[in-house]
Asks: 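My questions all concern the structure below.
Please read these numbers as outputs of a predicted model, since none were measured by experiment.
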Amino acid sequence: MSENVVHLHKPTGPTTPDTAPTVLTVVPDPAPVAPVPLWVRSGRAVKTAITHEGTKTTVRAVARHGLYTFNGGRIVARRTWDGRTGSRYERMIRAAEAAGNLEAAEEWEERLQRFRAARHHRRMDLLHSPVDAAKGVAVGAGVSVGVLVALGVVMALNTGEVRDVVTPLTATVDFIALLIRIVQIVWGPALAIGPFLALLALWSVGRKQHAAPAWALPANVRSGEGEPITPSIVVKALRDLGVPALARAIKEMGDAGASMLGPITIAGCGVEVDVTLPSGVSTNEVQGKRRKLAENLSRHEHEVFITIPTAARTVRLWVADSGALDEPIGPSPLTTDDTLRADYAKGRAPWGQDLRGDAASLSLYQRHLLITGLSNQGKTVALRSLALWLSLDRSVQFLMGDLKGVGDWAMFDGLATTLIQGPTDEHVIQVTEMVEGAVDEMNRRIQAPPGTVFPPLIVLVDEAQVAFMCPAKDEDRRPYGGSKANSRYYMAVRKIHNQGRAVNVLMWQGTQDPTNENLPKLVREGAHTRASLALGTESQARMALGDKAVDGGAAPNLLRPGLDRGTLVVASDGITIPAGQASLTVRTHYIDDDAAAAITDRARALRDGVTTLHAIERGAAHDPLADIAAVIGDAPRVRTKDVLARLATRNAGAYGGWSFIDLKRVLDDAGAEPYKSDGVMVVARDRVARALANRDSDGSASAHG
């Protein structure tokens with residue numbers, strides 16, 4: 001029975017210590033708590049003991065070492081059986097037959113026949129060996145006794161003692177008795193210790209082979225992180241891939257499954273191996289199991305690439321060293337070599353490194369370009385690095401539209417003839433008219449005399465999906481965006497794709513998240529070089545790179561967004577791709593804004609000066625002489641053909657059809673006649689500037705519409 005507790009305390013309130021009465025408070029004891037049943041406590045204790053980490057570790061250790069010994073015995077027995085029988089040769093024959101290699105099968109069959117013949121001779125020799133052994137022992141014993149007696153006779157003659165004749169015989173008998181005694185002493189402990197030594201030997205074999213389930217292995221062995229790639233590991237990974245026909249074929253081959261593998265070679269920051277699949281297993285079955293294969297190889301999915309080489313029924317595996325792809329690559333040669341120059345026709349842009357660690361360089365000569373990927377994956381930097389390299393060729397001209405408008409291309413001010421930056425519909429209209437002006441320039445070049453060489457003109461639009469999705473229409477109700485025959489941007493791009501490369505007018509586009517709405521099919525397929533960063537789905541990968549590249553192993557949808565920023569998959573004949581592959585994975589160099597500005601400063605120093613337009617002045621009056629002065633810029637003199645090209649780029653509607661005669665007429669009228677310098681016709685900046693000054697002072701300036 002519980003008792004109550006009495007508390008003594010003083011009340012609160014405005015009382016003095018002298019007058020405050022003492023209050024007795026009786027607080028009952030809390031209700032008694034029922035005791036926990038014994039079986040509940042026992043169950044909890046058992047559960048805690050079972051789930052305790054120490055218990056788990058002990059169970060794993062006991063199971064591991066027991067299975068090491070048991071499976072070590074199986075391994076030793078299997079090896080002994082292989083050594084005594086022809087089972088090894090039979091497995092090799094089955095492996096060769098499964099791989100379709102009949103020549104190897106015949107060779108192994110011949111080896112099996114030789115092994116059986118040698119074994120038969122050994123067995124026949126065993127039938128005669130007891131008799132031969134008995135004869136040998138008898139003869140040997142007789143000879144030995146004779147030698148010992150002769151030795152005793154010599155000793156007796158020397159010492160004069162007759163008993164010395166048997167001294168060698170008695171010494172030999174005593175020695176044999178000593179050996180027998182030693183054996184009698186050691187035999188008992190050997191019988192007791194021998195089984196333990198045998199078990200220890202079996203345990204050692206099982207431990208070296210990790211002959212236990214994965215759950216019982218130590219953590220460092222169980223994880224396999226960074227484990228070297230060996231033939232047995234590759235065969236096991238393929239066997240456990242979940243392809244029944246492949247698993248059955250490897251099981252029939254036994255340990256000879258490695259015959260499917262070519263040499264494992266070091267390839268950059270990983271290794272590469274060709275796997276010839278058994279009959280009945282298709283390459284796409286292995287391709288579709290990339291994640292499981294990577295996990296079987298103790299790698300992450302992004303560290304294993306599966307491609308299809310030229311050999312039939314073969315897949316090529318590239319397996320990275322664990323964690324190697326998360327390490328950054330070195331800086332771009334553009335930032336480390338101030339003397340580097342570009343060559344549009346013969347050179348290659350240093351873009352990054354392939355998975356082997358080799359330099360990946362891209363030829364841009366007469367190739368339209370498309371780079372796509374999810375947002376914030378490095379698309380603009382990858383596209384810009386190509387333009388930065390090409391800017392170091394002074395003959396290259398740029399028309400640029402940045403429909404993001406956050407300054408990623410601002411360093412090309414003073415290099416590009418036109419640079420439009422902004423995301424609004426008005427910027428899309430400006431970019432569309434810029435591309436249409438390039439179409440007019442292309443048509444002018446096409447109509448030039450055969451054999452005429454034109455400077456390369458790169459029409460670059462970043463965030464091109466903004467143009468395709470633009471809802472704006474012109475005064476004739478023609479949409480600027482869309483993918484119909486009356487879409488102005490779409491049709492201008494298509495025209496350049498169709499005929500531009502022949503006259504060095506090239507279309508470069510960067511776009512996000514490709515779909516049929518923001519990147520029409522004909523525009524995708526018009527690009528000679530197609531590259532993709534990380535994408536969300538395989539269907540997007542097919543839109544970005546084409547069915548052939550994806551069927552050949554290209555998988556930008558398997559790149560990790562954010563983690564694989566700057567890594568892209570390229571399908572192009574402008575980059576060196578290993579034979580039999582349809583694409584190449586490239587880790588691009590990162591060039592930040594400050595480094596890009598330094599490169600463009602070097603590029604501007606190579607040129608005569610370029611006046612960059614930031615808008616297209618539609619329908620405005622134009623002044624030919626002022627425009628000639630603008631395109632000459634700060635250069636002391638410019639060749640007449642370059643002046644014509646710059647004028648056409650500046651205002652294709654007004655100057656797209658100009659010839660040398662039209663240019664000469666305007667200059668002659670102004671008193672700034674072109675002249676020959678080093679054998680070519682040039683226009684002098686001072687003459688044009690003087691003509692403008694004289695004309696303005698006379699008040700004779702006129703505008704031409």
Asks: Work out which heavy atom in Leu545 is nearest to a heavy atom in Ala554; give both atom names and the distance.
Replies: CD1-CB, 3.9 Å

Asks: Evaluate the side-chain proximity of Leu386 to Leu362: yes if any heavy-atom separation is below 4.5 Å, no if none is.
Replies: yes

Asks: Any chance the side chains of Asp513 and Gln540 put a donor and an acceptor closer than 3.5 Å?
Replies: yes

Asks: For Glu285, I'd like to know if atom CD has over 12 heavy atoms of other residues, nucleotides or ligands within 6.0 Å.
Replies: yes

Asks: Go through the steps for Thr588 and Val381 under the test side chain to side chain contact (heavy atoms under 4.5 Å, CB included), then give the verdict.
Replies: CA-CA 9 Å; Thr588 58; Val381 173; 5.9 Å; no

Asks: Answer whether the closest heavy-atom distance between the side chains of Thr172 and Ile176 falls below 4.5 Å.
Replies: yes

Asks: Do Lys521 and Glu525 meet the salt-bridge criterion of a basic N to acidic O distance under 4.0 Å?
Replies: yes

Asks: Report yes or no: is the cationic atom of Arg290 (NZ for Lys, CZ for Arg) closer than 6.0 Å to the six-membered ring centre of Phe305, at no more than 45° off its axis?
Replies: yes

Asks: Please enumerate all residues that pass ring pair (Phe, Tyr, Trp, His ring centres under 6.0 Å) together with Phe115, with sequence neighbours excluded.
Replies: Tyr89

Asks: If every non-hydrogen atom of Thr372 is compared with every non-hydrogen atom of Pro514, which pair is closest and at what distance?
Replies: OG1-CD, 3.2 Å

Asks: For residues Lys289 and Gly242, report the shortest heavy-atom separation together with the two atoms involved.
Replies: NZ-O, 4.1 Å

Asks: How far apart are the closest heavy atoms of Ala360 and Asp354, and which atoms are they?
Replies: CB-N, 4.0 Å

Asks: Would you check, one step at a time, whether the test side chain to side chain contact (heavy atoms under 4.5 Å, CB included) holds for Arg524 with Asn516?
Replies: CA-CA 9 Å; Arg524 301 194 303 259; Asn516 285 323; 3.1 Å; yes

Asks: Around atom CZ of Arg291, are there more than 12 heavy atoms of other residues, nucleotides or ligands at under 6.0 Å?
Replies: no

Asks: Can you list the residues that meet the salt bridge (charged side-chain N to carboxylate O under 4.0 Å, His left out) rule with Asp551, with sequence neighbours excluded?
Replies: Arg542

Asks: Would you give me the side-chain donor-acceptor pairs under 3.5 Å for residues 188-199, sequence neighbours excluded?
Replies:
none

Asks: Evaluate the side chain to side chain donor-acceptor pair (under 3.5 Å) criterion for residues Asp358 and Gln353: first the C-alpha distance (whole Å), next the side-chain angles of each, then the deciding distance (0.1 Å), finally the verdict.
Replies: CA-CA 5 Å; Asp358 299 330; Gln353 293 180 1; over 6 Å; no

Asks: What's the verdict on side chain to side chain contact (heavy atoms under 4.5 Å, CB included) for Ile575 and Val570, showing C-alpha distance, side-chain angles and the deciding distance?
Replies: CA-CA 8 Å; Ile575 196 168; Val570 187; 4.1 Å; yes

Asks: Evaluate the side-chain proximity of Thr307 to Leu317: yes if any heavy-atom separation is below 4.5 Å, no if none is.
Replies: no

Asks: Are Thr314 and Leu277 close enough that some pair of their side-chain heavy atoms sits under 4.5 Å apart?
Replies: no

Asks: Tell me the closest heavy-atom pair linking Pro561 and Leu374, and the distance in Å.
Replies: CG-CD1, 4.1 Å

Asks: Do Arg565 and Asn376 come within less than 4.5 Å of each other through their side chains, counting heavy atoms only?
Replies: yes

Asks: Heavy atoms, side chains only, cut-off 4.5 Å: are Thr265 and Val271 in contact?
Replies: no

Asks: Minimum heavy-atom separation for Val243 to Val281, with atom names?
Replies: CG1-CG1, 4.3 Å

Asks: Decide side chain to side chain contact (heavy atoms under 4.5 Å, CB included) for Leu370 and Thr511; before the verdict, give the C-alpha distance in whole Å, the side-chain angles of both, and the deciding distance to 0.1 Å.
Replies: CA-CA 8 Å; Leu370 171 65; Thr511 181; 3.9 Å; yes

